[in-house]
Amino acid sequence: MKTNRPSWDEYFLSIADLVSKRSTCLRRRVGAVLVRDKRILATGYNGAPSGVKHCAETGCIREKLKIPSGQRHELCRGLHGEQNAFLQAALHGTSLKGASLYSTTQPCIICAKMIINAGIREIVIKGDYPDKMSKDLLREAKVKVRTLK
């Protein structure tokens, strides 16, 4: 009997998609999965920090200020999905050295810097993000970025 199993990339990106459904961001839902040796290390989605009001309750400051995607990341109540995955790994004492990141979108420049310093070697993304500086920095650091359609 032949089965139609997804590839490992398809499998982990589909999990990132599922994780993104927990997002509390009003503008973009992002899910991230950190993997090493075909095992999930941590997951994260974008949204306000634990214990504070979600943007659905407070409104989106970025919308109010008409800030375009890819700019002024500091003007947001939320953490990015990648950041929440890194923090989950840190809370549980899990090293990310040599891991791969599966994300529903290309990381921003802030997350790219964290990815490089965490020792993540590869990123597999589903969608693009308007942040050329991130792409350039990841390329310079020799972090492999692949887009899976």
Side-chain angles (χ1 to χ4, degrees), residues 5-52 54-56 60-63 65-149:
R5 293 176 72 191
S7 69
W8 285 108
D9 286 343
E10 292 167 334
Y11 174 70
F12 291 123
L13 268 182
S14 70
I15 293 171
D17 257 338
L18 180 61
V19 170
S20 76
K21 293 178 183 351
R22 290 281 306 155
S23 170
T24 60
C25 179
L26 300 174
R27 292 180 98 181
R28 178 189 302 259
R29 290 178 170 236
V30 176
V33 179
L34 290 161
V35 175
R36 188 174 46 239
D37 300 325
K38 298 181 179 135
R39 301 291 177 253
I40 295 172
L41 304 174
T43 64
Y45 53 86
N46 58 327
S50 299
V52 302
H54 297 296
C55 297
C60 176
I61 190 169
R62 294 177 61 79
E63 284 295 317
L65 297 174
K66 299 181 183 356
I67 298 170
S69 275
Q71 298 177 20
R72 303 295 312 269
H73 299 287
E74 76 280 7
L75 295 176
C76 180
R77 290 178 60 82
L79 291 148
H80 292 186
E82 302 93 332
Q83 293 167 345
N84 274 323
F86 304 153
L87 292 168
Q88 184 184 86
L91 282 171
H92 296 285
T94 304
S95 170
L96 300 178
K97 186 173 184 178
S100 296
L101 170 69
Y102 288 83
S103 181
T104 55
T105 189
Q106 176 210 308
C108 73
I109 185 61
I110 295 169
C111 291
K113 291 184 271 188
M114 293 178 183
I115 287 163
I116 293 164
N117 277 5
I120 294 168
R121 60 176 170 72
E122 176 184 45
I123 304 167
V124 182
I125 58 173
K126 183 177 176 181
D128 205 17
Y129 187 72
D131 195 330
K132 182 182 178 321
M133 191 174 182
S134 169
K135 291 177 185 177
D136 292 344
L137 197 64
L138 290 166
R139 188 178 310 108
E140 181 181 342
K142 295 181 177 40
V143 175
K144 185 176 181 181
V145 179
R146 296 186 290 121
T147 303
L148 195 70
K149 299 288 178 172

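Owing to the predicted nature of the structure, the values given are computational and were not obtained by experimental measurement.
Within 6.0 Å of the CZ atom in R22, the count of heavy atoms belonging to other residues, nucleotides or ligands does not exceed 12.
Salt bridge absent: K142 and E140 never bring a charged side-chain N and a carboxylate O closer than 4.0 Å.
Across every non-hydrogen atom of T24 and G47, the tightest pair is OG1-CA, 3.2 Å. Residues A112 and S134 approach most closely at CB-OG, 3.5 Å, considering heavy atoms. L41 and A99 get closest at one heavy-atom pair: CD1-CB, 3.9 Å. Heavy atoms only, all atoms of each residue included: A89 and L96 are closest at CB-CD2, 3.7 Å. Annotation for S23 and R28: closest pair OG-O, 3.9 Å, computed over non-hydrogen atoms. R62 and R72 get closest at one heavy-atom pair: NH1-O, 2.8 Å.
The closest side-chain heavy-atom distance from I110 to H80 is not below 4.5 Å. Side-chain contact between L101 and P107: present, with at least one pair of heavy atoms (C-beta onward) separated by less than 4.5 Å.
Looking at S100, its side chain never comes within 3.5 Å of a backbone N or O of I123 through a donor-acceptor pair. Between the Y129 side chain and the G70 main chain, a donor and an acceptor come within less than 3.5 Å of each other. Judged by distance alone, with hydrogens and angles left aside, the side-chain atoms of T104 form a donor-acceptor pair with the main-chain N or O of G31 at under 3.5 Å. Judged purely by atom type and a 3.5 angstrom limit, R36 uses its side chain to pair as donor or acceptor with the backbone of K97.
K126 contributes atom NZ, which lies 12.5 Å from atom OG1 of T147 (distance to the nearest 0.5 angstrom). In this structure, CG on N84 lies 7.5 Å from OG on S50, to the nearest 0.5 angstrom. To the nearest 0.5 Å, the span separating SG on C108 from CD on Q83 amounts to 6.0 Å. Atom CZ of R146 sits about 4.0 Å away from atom CG of D9, to the nearest 0.5 Å. To the nearest 0.5 Å, atom CG of residue L138 and atom CD1 of residue I115 are 6.0 Å apart. Atom NZ of K144 is separated from atom CD1 of I120 by 15.5 Å, given to the nearest 0.5 angstrom.
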| message | Before you tell me yes or no, could you show the steps for V145 and K135 under side chain to side chain contact (heavy atoms under 4.5 Å, CB included), namely the whole-Å CA-CA distance, both residues' side-chain angles and the distance that decides it to 0.1 Å? | response | CA-CA 9 Å; V145 179; K135 291 177 185 177; over 6 Å; no
| message | Checking D131 against Q106 for the side chain to side chain contact (heavy atoms under 4.5 Å, CB included) test, could you report, in this order, the C-alpha distance in whole Å, the side-chain angles of both residues, the deciding distance, and whether it holds? | response | CA-CA 8 Å; D131 195 330; Q106 176 210 308; 4.1 Å; yes
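Relative orientation of the Y102 and F12 rings is tilted, given thresholds of 30° and 60° on the angle between their planes.
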